[in-house]
**Student:** 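The following block contains the structure, expressed as structure tokens.
In what follows, chains carry the letters A, B, and so on, assigned in the order in which the sequence lines appear, proteins first and then strands, with residues in each chain numbered from 1.
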Amino acid sequence: MLIFSFAVRRGNALRIGRISRLFAAYSLAAYSHVRQNLAMPETTTTVNARLPRARLRVSLPWPADFKQAAALQRDLASQVIDFGNVHTPYLAAGADMHIRRSDGMGIATVVTVAVPELHVVERASAAVPVEFPYIPGLLSFRELPALLEAFSRLTVQPDVVLVDGQGQCHPRRFGLACHLGLELDLPTVGCAKSRLTGSFGDLGRDAGSTADLELDGELIGTALRSKERCNPLFVSVGHKISLQNAVEVVEQNLDGYKIPRALRLAHTMAKSNA
DNA sequence: GCGACAG
DNA sequence: ATCTTGTCGC
Ligand SMILES: [Mg+2]
């Protein structure tokens, strides 16, 4: 049973073929908890992927079903680069996606700020049909198409991207931040508001306190109390950056609130459907 | 089999 | 994420 046919390049766009089966047709036990989300209309979608010429891919690898989605993540995870540094001054972009209530379209936004001043340099957005349901662990397949379209509309290339979601703090070490980083070939940092997986010890109460996040004995991220009296952020490597530098980047992007400025502005912009 | 579970 | 105003605590 196929959800999507493979993405096929057509001219200057990536065409994602028609959904050949309703999500409701699925009965995969492992995903039974999301049956409520599986009622999706049969539609055909075109994702304009006007990525910079040098970065245009022949096609965006796309799974035909949930099992393939997980397999693709395991495969792509090996391509993630977990080292590299971003030095001040630099441009940091925040990326987020919101579902517009009126029509279910994904509203992806990107806001770029200059560090260390944190003034806004550029904003871009895109409205793209969302066809993949939310399944913990498979979030990138839901948000990636719209985010890539929004990024293709930027005029200035950011040096690093802060993503609303996990990076390597993921059961298969391939969260949304990793997927976006790999497709954009840019440094990305996973900056999630809550935990997906991994365990961590007690955090100090002061802003700046951290705790290691580990899974299977591996260090996969850092819980960071970005603001006092607030729950911590879950920071992890997305792509082309070290965990240590990822945490530093998040700290350099804070302006008194729990969420880094670029990410917070992207979030607000997405919710306004702009 | 049961509990957990980014947005 | 979303349903949604006031309210409790700093
Ligand atoms: Mg989000």
**Student:** Filter on side chain to side chain donor-acceptor pair (under 3.5 Å), then keep only pairs touching residues 70-87 of chain A, sequence neighbours left out; what's left?
**Tutor:**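 As it turns out, the side chain to side chain donor-acceptor pair (under 3.5 Å) pairs with a partner in residues 70-87 of chain A, which skip direct neighbours, are A:Q73-A:R172.
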
**Student:** Among residues two or more places apart or on two chains, list those pairs meeting side chain to side chain donor-acceptor pair (under 3.5 Å) that have a residue in residues 102-116 of chain A.
**Tutor:** A:R100-A:D103

**Student:** For A:G137, which contact category applies under a 4.0 Å heavy-atom criterion: base, sugar-phosphate, or nothing?
**Tutor:**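 Base contact.
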
**Student:** Please answer whether the main-chain N or O of A:G238 pairs with a side-chain N or O of A:Q168 as donor and acceptor at a distance below 3.5 Å.
**Tutor:** no

**Student:** Grab the CE-P distance between A:M97 and B:dG7 for me, whole Å please.
**Tutor:**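 Interatomic distance, CE of A:M97 to P of B:dG7: 13 Å.
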
**Student:** Is there any ring-ring contact (aromatic ring centres under 6.0 Å, His included) pair reaching into residues 245-274 of chain A, and which pairs are they, with sequence neighbours excluded?
**Tutor:** none

**Student:** B:dA6 C1' sits how many Å from A:L138 CG, rounded?
**Tutor:** 11 Å

**Student:** Atom CG of A:L263 and atom C1' of B:dA6: how far apart are they, to the nearest Å?
**Tutor:** 12 Å

**Student:** Are any of the side-chain nitrogens in A:D164 or A:K193 under 4.0 Å away from the carboxylate oxygens of its partner?
**Tutor:** yes

**Student:** Only counting residues at least two apart or in another chain, list the ones meeting ring-ring contact (aromatic ring centres under 6.0 Å, His included) with A:H170.
**Tutor:**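 Counting only residues at least two positions away or on another chain, A:H170 forms no ring-ring contact (aromatic ring centres under 6.0 Å, His included).
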
**Student:** Show me the pairs that pass side chain to side chain donor-acceptor pair (under 3.5 Å) and involve residues 234-248 of chain A, at least two apart or across chains.
**Tutor:**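 Residue pairs with at least one partner in residues 234-248 of chain A: A:D185-A:K240, A:Q244-A:E248, A:N245-A:E248.
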
**Student:** Grab the CD-C1' distance between A:Q73 and B:dC5 for me, whole Å please.
**Tutor:**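 Going from CD in A:Q73 over to C1' in B:dC5 covers 14 Å.
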
**Student:** Quickly work out the A:L196 CG to B:dA4 C1' distance and round it to whole Å.
**Tutor:**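 In whole Å, B:dA4 C1' lies 9 Å from A:L196 CG.
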
**Student:** How many whole angstroms separate atom CG of A:N273 from atom P of C:dA1?
**Tutor:**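 From A:N273 CG to C:dA1 P: 14 Å.
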
**Student:** Considering only residues two or more places apart or on different chains, which pairs with a residue in residues 176-196 of chain A satisfy ring-ring contact (aromatic ring centres under 6.0 Å, His included)?
**Tutor:**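 Passing the test, one end in residues 176-196 of chain A: A:F141-A:H179, A:F174-A:H179.
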
**Student:** Below 3.5 Å between N/O atoms, which protein atoms pair up with nucleotides 4-10 of chain C? Just atom names and distances, please.
**Tutor:**
unit_1	atom_1	unit_2	atom_2	d
C:dC10	O3'	A:R229	NE	3.1
C:dC10	O3'	A:R229	NH1	3.0

**Student:** Could you spell out the base pairing of DNA chain B in dot-bracket, with Watson-Crick or G-U pairs whose two distances are under 3.5 Å, [ ] crossing and | to another strand?
**Tutor:** .......

**Student:** Rounded to the nearest 0.5 Å, what separates atom CD1 in A:I107 from atom CG in A:D96?
**Tutor:**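 With rounding to 0.5 Å, CD1 (A:I107) is 11.5 Å from CG (A:D96).
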
**Student:** May I ask you to say what A:H98 touches in the nucleic acid, namely base, sugar-phosphate or nothing, with a heavy-atom cut-off under 4.0 Å?
**Tutor:** sugar-phosphate

**Student:** In which ranges does DNA chain C form stems of 3 or more consecutive Watson-Crick or G-U pairs, distances under 3.5 Å?
**Tutor:** none

**Student:** Test: side chain to side chain donor-acceptor pair (under 3.5 Å). Region: residues 207-228 of chain A. Which pairs qualify, not counting sequence neighbours?
**Tutor:** A:R173-A:E218

**Student:** Using only side-chain N and O atoms of A:K193, determine if any of them is under 4.0 Å from OP1 or OP2 of C:dA1.
**Tutor:**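 Answer yes for this pair, as a side-chain N or O of A:K193 is under 4.0 Å from OP1 or OP2.
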
**Student:** Using whole Å, what does the distance between atom P of nucleotide B:dA6 and atom NE2 of A:H170 come to?
**Tutor:**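 Answer to the nearest Å: 11 Å.
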
**Student:** Indicate whether A:Y134 forms a stack on B:dG7; treat it as stacked only if centroid distance is below 5.5 angstrom and interplanar angle below 30 degrees.
**Tutor:**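 Stacking is present between B:dG7 and A:Y134, given that their ring centres fall under 5.5 Å apart and the planes under 30°.
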
**Student:** With clusters built from Ile, Leu, Val, Met, Phe, Trp and Tyr whose side-chain heavy atoms come within less than 4.5 Å, directly or transitively, what are the remaining members of the cluster of A:I81, listed by chain and number?
**Tutor:**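 Noted: A:I81 shares its cluster with A:F83.
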
**Student:** OP1, OP2 of B:dG7 versus side-chain N and O of A:S194: anything below 4.0 Å?
**Tutor:** yes

**Student:** Which pairs pass ring-ring contact (aromatic ring centres under 6.0 Å, His included) with one or both residues in residues 184-234 of chain A, sequence neighbours excluded?
**Tutor:**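 ring-ring contact (aromatic ring centres under 6.0 Å, His included) check on residues 184-234 of chain A returns A:F200-A:F234.
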
**Student:** Nearest whole angstrom, please: distance from the P of B:dA6 to the CZ of A:F200.
**Tutor:**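 Rounding to the nearest Å, CZ of A:F200 and P of B:dA6 are 13 Å apart.
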
